[in-house]
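Structure, as structure tokens:
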Amino acid sequence: MSSDIWKLDATAQAELVRNRKISPSELVDLAIGRIERLNPQINAVILPAFERARRQARQLDGKAAAAGQPFYGVPFLMKDLGGEEAGAPCHRGVAALKQQAGATEKVDSFTAARFREAGFISLGRTNTPEYGLQPTTEPLAYGPTRNPWNVGHSSGGSSGGSAAAVAAGMVAAAHASDGGGSIRIPASHCGLVGLKPTRARGSFGPNAGERWGGFSCELVVTRSVRDTAAILDVYSGNVAGDPYWASPPAPSYREVATQPLKRLRIGILSTSPRDGLVVDEDCTAAATRTAKLLADLGHEVVESHPDALGDLEGLRAFATVVACNITRLLEVLETRLGRPLQPGDVEPLTAAVAEMGRSFSASTYLAAIDTVHAIGRRTAAWWNSGFDLLLTPTAALPPPPLGSMAAPADDPLSGWMKAAPYGSFTSIFNLSGQPAISLPIHHTSTGLPVGAQLVAAFGREDLLLQIAAAIEQAAPWADRWPAIAGD
């Protein structure tokens with residue numbers, strides 16, 4: 001058995017299982033061994049479930065995958081925010097939930113069920129900032145997740161634990177979610193593929209209809225476009241009672257990703273979308289390098305972008321909607337705890353954001369929703385004007401040193417304000433609901449990954465995956481690993 005199996009993507013690992021070259025138990029044990037060796041340095045996995053995973057693997061050993069199980073026996077990790085698993089804890093980065101000894105979720109989420117039905121074996125849950133509020137994963141409850149490319153730097157957030165685990169080769173793919181950039185930013189910081197799907201491409205059932213007013217969605221971080229496409233195939237769908245759902249998905253995203261593209265018209269914004277925001281030269285380089293690749297592939301790339309990208313009203317609307325949702329989440333937390341919240345139950349930032357939410361009237365919230373919908377129409381108009389895709393940096397800054405978004409106790413919101421550059425190119429597409437993907441296209445002179453983002457019209461993940469596959473072939477990244485992964 002090769003010692004480099006951990007370098008294979010999930011599709012290749014599943015093929016080894018199907019061909020009886022490795023068993024699910026052997027694959028799971030290899031992944032557990034890597035987690036046990038690397039996690040003390042990275043702190044990506046916070047709620048391991050190794051014995052459960054070994055039991056599930058033994059049940060699969062020697063059996064053939066059924067239809068609809070493309071990842072039969074492949075190790076996987078779930079982000080500890082959303083993706084609830086029946087019988088497992090889900091702490092959401094919250095200290096008060098961590099202290100609830102023995103408390104577990106009652107039912108599987110749609111997401112967890114879909115991944116399990118596809119054949120993935122969950123090895124546990126990954127670190128996340130409290131309630132996903134920051135684009136860095138440094139919760140007080142569990143401590144910081146460290147970037148495998150440089151352990152003094154952030155792995156991004158809020159899917160930073162999942163991204164660090166995949167970047168270090170603990171697993172080939174891991175669950176992630178995105179309410180303002182939380183799939184794409186960690187993918188950029190850790191050198192991964194990160195697709196935010198179209199709004200309501202999957203379901204939040206049975207416990208919720210939407211998250212963050214429709215901003216949030218779930219999928220994965222991976223190391224290959226084909227993994228992302230195939231996982232989108234098994235994830236896409238809705239369940240009875242969902243408040244809304246996306247346009248029908250492609251028959252097979254994995255097949256679509258292999259098909260040739262027509263010549264596309266692509267707009268590029270490689271510098272700041274608004275006054276006062278400085279874009280790092282490495283982030284600009286990620287976009288301009290991608291633009292050259294696309295031009296070399298025969299596509300038309302012109303400087304143009306939706307003007308809503310620089311709209312401060314959109315940022316204010318985003319903050320209003322998120323704050324009101326955090327207010328409600330803390331009400332739910334009190335119900336779950338069976339008591340009022342006490343100091344130390346949640347972080348100062350979370351408490352301050354919830355207090356902000358309480359200060360808004362119902363009319364203010366509805367005005368923010370009106371702004372969100374108007375921005376969605378304005379961005380759609382740009383696509384309708386003759387563009388197929390938009391290209392930008394994923395974030396305005398490279399991965400920051402850990403602690404960069406810390407704030408004094410008497411001004412916790414200042415830490416939230418420091419996060420703005422990281423979502424400056426991503427959050428608007430949570431407002432509009434459009435699909436967007438970050439690709440690992442560049443590294444800084446110090447070796448930190450920096451991603452480029454491509455955005456498509458609503459419902460057009462097929463186009464994103466096609467162009468991403470073409471870029472991956474032209475500028476492959478499969479052999480790029482942080483040194484720590486091979487230690």
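Here the structure is a predicted model, which means the values were calculated and not measured.
The aromatic rings of His91 and Tyr142 sit parallel to each other, their planes meeting at less than 30°, with 60° as the upper class boundary. Ring geometry, Trp383 versus Phe429: the interplanar angle exceeds 60°, so the pair is classed perpendicular (tilted spans 30 to 60°).
Among Val455, Ile185, Thr392, the single residue meeting the side chain to side chain contact (heavy atoms under 4.5 Å, CB included) criterion with Phe425 is Thr392. For the side chain to side chain contact (heavy atoms under 4.5 Å, CB included) criterion with Thr222, the lone passing option out of Asp227, Val171, Asp9, Val166 is Asp227. Each of Asp80, Leu97, Leu81 was scored for a side chain to side chain contact (heavy atoms under 4.5 Å, CB included) with Cys90, with one residue passing: Asp80. A ring pair (Phe, Tyr, Trp, His ring centres under 6.0 Å) with Phe120 is found for exactly one of Phe76, Tyr72, Tyr235, namely Phe76. Of the options Lys106, Arg92, Lys79, a salt bridge (charged side-chain N to carboxylate O under 4.0 Å, His left out) to Glu84 is made by Arg92 and by none of the others.
Taking the ring centre of Trp481 as origin, the terminal cationic atom of Arg223 falls inside the region bounded by 6.0 Å and 45° from the ring axis.
When all heavy atoms are compared, the tightest approach of Cys283 to Val450 is CA-CG1, 3.8 Å. The two residues Gln434 and Ala456 have their closest heavy-atom pair at NE2-O, 2.9 Å. Minimum heavy-atom separation, Ala452 to Leu391: CB-CD1, 4.2 Å. Minimum interatomic distance between Gln13 and Leu8 (heavy atoms only, all atoms of both residues): NE2-O, 3.2 Å. When all heavy atoms are compared, the tightest approach of Ala167 to Cys190 is CB-O, 3.5 Å. Of all non-hydrogen atoms in Val94 and Asp345, the two that sit nearest each other are CG1-O, 3.5 Å.
Without hydrogens or angle criteria, Asp242 side chain to Val239 main chain gives a donor-acceptor distance under 3.5 Å. Side-chain N or O atoms of Thr198 include none that pairs as donor or acceptor with a backbone N or O of Phe458 at under 3.5 Å. A donor-acceptor distance shorter than 3.5 angstrom exists from the side chain of Arg34 to the backbone of Ala485, with no hydrogens or angles considered. The main-chain N or O of Ala44 is never found under 3.5 Å from a side-chain atom of Arg146 such that the two would form a donor-acceptor pair. Not one N or O on the side chain of Ser438 forms a donor-acceptor pair closer than 3.5 Å with the backbone of Gln453. With hydrogens and angles ignored, the 3.5 Å screen pairs a side-chain donor or acceptor of Ser182 with a backbone N or O of Ser158. Of the possible donor and acceptor atoms, one in the side chain of Ser109 sits under 3.5 Å from a partner among the backbone N and O of Ala112. Under the 3.5 Å distance criterion, the side-chain polar atoms of Asn127 are left unmatched by any main-chain donor or acceptor of Ile46. Under a 3.5 Å cut-off, the side chain of Thr379 and the backbone N or O of Gly376 do form a donor-acceptor pair. A donor-acceptor pair is defined here as one N or O able to donate and one able to accept, closer than 3.5 Å; no such pair exists between the side chain of Ser427 and the backbone of Gly180.
The shortest side-chain heavy-atom distance between Leu133 and Glu347 does not fall under the 4.5 Å cut-off. The shortest side-chain heavy-atom distance between Pro186 and Ser159 falls under the 4.5 Å cut-off. In this structure, Leu261 and Leu297 have side chains that are not in contact, with every pair of non-hydrogen atoms separated by 4.5 Å or more. You'll find the side chain of Tyr422 stays beyond 4.5 Å of the side chain of Thr394, heavy atoms only. Put simply, the side chain of Ser177 reaches to within 4.5 Å of the side chain of Arg211, judged on heavy atoms. In this structure the side chain of Val220 reaches within 4.5 angstrom of the side chain of Phe115, judged on heavy atoms. Under the 4.5 Å side-chain criterion, counting only non-hydrogen atoms from C-beta, Leu463 is in contact with Leu264. Counting heavy atoms from C-beta outward, Phe50 and Ile35 have side chains that approach closer than 4.5 Å.
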*Evaluate side chain to side chain donor-acceptor pair (under 3.5 Å) for Thr444 paired with Thr446, printing each intermediate quantity in order.*
CA-CA 5 Å; Thr444 69; Thr446 58; 2.9 Å; yes
*Dump the intermediate steps for salt bridge (charged side-chain N to carboxylate O under 4.0 Å, His left out) on Asp462 and Arg460, then the final yes or no.*
CA-CA 5 Å; Asp462 58 330; Arg460 294 304 310 271; 2.8 Å; yes
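Within a 6.0 Å sphere centred on CH2 of Trp245, heavy atoms belonging to other residues, nucleotides or ligands number 12 at most. Within a 6.0 Å sphere centred on CD of Gln473, heavy atoms belonging to other residues, nucleotides or ligands number 12 at most. Within a 6.0 Å radius of CD in Glu36, other residues, nucleotides and ligands contribute more than 12 heavy atoms.
A distance of 8.5 Å separates OG of Ser162 from CE of Met78, quoted to the nearest 0.5 Å. The distance from atom CG of Leu330 to atom OG1 of Thr335, rounded to the nearest 0.5 Å, is 11.0 Å. Rounding to the nearest 0.5 Å places NZ of Lys21 at 14.0 Å from CG of Leu27. Expressed to the nearest 0.5 Å, how far CG of Leu293 lies from CD1 of Ile467 amounts to 10.0 Å.
For the 3.5 Å distance criterion, the side chains of Asn147 and His189 fail to qualify, holding no donor opposite an acceptor. No side-chain N or O of Thr145 forms a donor-acceptor pair with one of Thr137 less than 3.5 Å apart. Residues Tyr244 and Glu210 bring a donor and an acceptor atom of their side chains to less than 3.5 Å of each other.
A search for side-chain contact (heavy atoms from CB on, under 4.5 Å) contacts involving Ala103 returns Gln100, Arg336, not counting sequence neighbours. Scored by the ring-ring contact (aromatic ring centres under 6.0 Å, His included) test, Trp212 finds no partners at all (sequence neighbours excluded).
Salt-bridge formation is detected for the pair Arg52/Glu85: a Lys NZ or Arg NE/NH1/NH2 atom is positioned less than 4.0 Å from an Asp or Glu carboxylate oxygen.
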